[in-house]
Amino acid sequence: EAGVTQSPRYAVLQEGQAVSFWCDPISGHDTLYWYQQPRDQGPQLLVYFRDEAVIDNSQLPSDRFSAVRPKGTNSTLKIQSAKQGDTATYLCASSFWATNTEVFFGKGTRLTVV
Amino acid sequence: GDSVTQTEGQVALSEEDFLTIHCNYSASGYPTLFWYVQYPGEGPQLLFRASRDKEKGSSRGFEATYDKGTTSFHLRKASVQESDSAVYYCALSDGGGTGANTGKLTFGHGTILRVHP
């Protein structure tokens with residue numbers, strides 16, 4: 001079974017540029033999460049969806065970050081006007097809510113903003 | 001809000017040494033507790049979890065016991081191997097004591113484990 005797939009694996013931007021990250025969750029998983037992992041820190045939840053609905057985006061910097069999951073499958077996380085402080089690995093994860101199963105993480109996208 | 005504290009930032013051991021990584025948590029409810037392991041270039045992988053007081057989780061020789069009284073979930077392994085070298089994260093999820101897992105994980109800062117042959 002394929003795991004959570006993310007692309008690109010790496011991105012390097014100048015401050016002020018925009019970038020999008022793409023995530024394909026495990027087939028059949030209805031819940032999808034985006035986490036931010038700064039270097040040498042644990043992951044921190046940004047937003048999560050159940051199907052296409054946003055359940056919690058309270059930690060998403062709404063002025064520059066946006067996330068969508070229009071058909072309840074793949075998801076895109078976008079950063080407008082990136083800042084050096086956005087440098088981190090962005091992890092996508094998925095799970096099947098109803099059976100309370102494990103949350104599976106992708107390999108992440110490592111973003112560097114210079 | 002909820003938080004997880006891992007005391008050790010880095011641990012260096014020799015093969016066959018005993019490992020302890022301390023984890024304490026603060027949560028308003030009755031969380032589910034987890035240990036995750038992360039290898040370079042990979043996402044975190046679940047090692048094991050525990051949902052109730054005194055429940056022991058274990059996997060691959062690692063174990064931890066949920067202690068609600070001391071709000072702790074310390075990771076231990078009797079004899080480490082070089083292949084155990086990785087970053088270990090303690091985490092919690094609001095679960096209400098039922099074992100439910102919202103997937104909203106709160107992670108500690110992580111402990112880098114280096115095991116020398």
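Since the model is a prediction, treat every value here as computed from it, not as a measurement. Letters A, B, ... mirror the listed sequences (proteins, then strands); counts begin at 1.
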TODO: For B:Arg114, look at atom CZ and say whether over 12 heavy atoms of other residues, nucleotides or ligands are found less than 6.0 Å away.
DONE: no

Task: Most contacts with chain A, counted as non-hydrogen pairs under 4.5 angstrom, among B:Gly110, B:Pro44, B:Ala91, B:Gly43 - done: B:Pro44

Task: Heavy-atom donor-acceptor pair, A:Arg110 side chain to B:Gly41 backbone, under 3.5 Å - done: no

Open item on the list: Count I, L, V, M, F, W, Y as connected when their side-chain heavy atoms are under 4.5 Å apart, and connections chain through other members. Are A:Tyr10 and A:Trp34 then in the same cluster?
Closed with: no

TODO: Nearest 0.5 Å please: distance from the OH atom of A:Tyr48 over to the NZ atom of B:Lys104.
DONE: 5.5 Å

Task: ILVMFWY cluster, A:Phe49 and A:Val103 together (side-chain gap under 4.5 Å) - done: no

Task: From CD (B:Gln38) to NZ (A:Lys107), nearest 0.5 Å - done: 11.0 Å

Open item on the list: I'd like to know if A:Val4 and A:Leu46 are part of one continuous hydrophobic network [Ile/Leu/Val/Met/Phe/Trp/Tyr, side-chain heavy atoms within less than 4.5 Å].
Closed with: no

- [ ] Under the side-chain contact (heavy atoms from CB on, under 4.5 Å) rule, what do B:Phe107 and A:Leu45 come out as? Steps first, then yes or no, please.
- [x] CA-CA 9 Å; B:Phe107 285 85; A:Leu45 182 69; over 6 Å; no

TODO: Spell out, yes or no, whether A:Phe21 and A:Leu91 are grouped together once hydrophobic residues are joined by side-chain heavy atoms under 4.5 Å, including indirect joins.
DONE: no

Open item on the list: Do B:Leu105 and B:Leu46 land in one hydrophobic cluster if side-chain heavy atoms of ILVMFWY residues count as linked below 4.5 Å?
Closed with: yes

Open item on the list: Report which part of B:Gln6 has an atom under 4.5 Å of a heavy atom belonging to chain A: side chain, backbone, both, or neither.
Closed with: neither

Open item on the list: Strictly distance-based, threshold 3.5 Å: is any side-chain N or O of B:Tyr89 a donor or acceptor partner for the main-chain N or O of A:Pro43?
Closed with: no

Task: OG1 on A:Thr89 to CD on B:Glu42, rounded to 0.5 Å - done: 12.0 Å

TODO: Counting only heavy atoms closer than 4.5 Å, note whether A:Tyr35 contacts chain B via side chain, backbone, both or neither.
DONE: side chain

Open item on the list: Does any backbone or side-chain atom of A:Gln37 lie under 4.5 Å from a heavy atom of chain B? Answer side chain, backbone, both or neither.
Closed with: side chain

Open item on the list: Tell me whether B:Glu8 at atom CD has more than 12 heavy atoms from other residues, nucleotides or ligands lying less than 6.0 Å away.
Closed with: yes

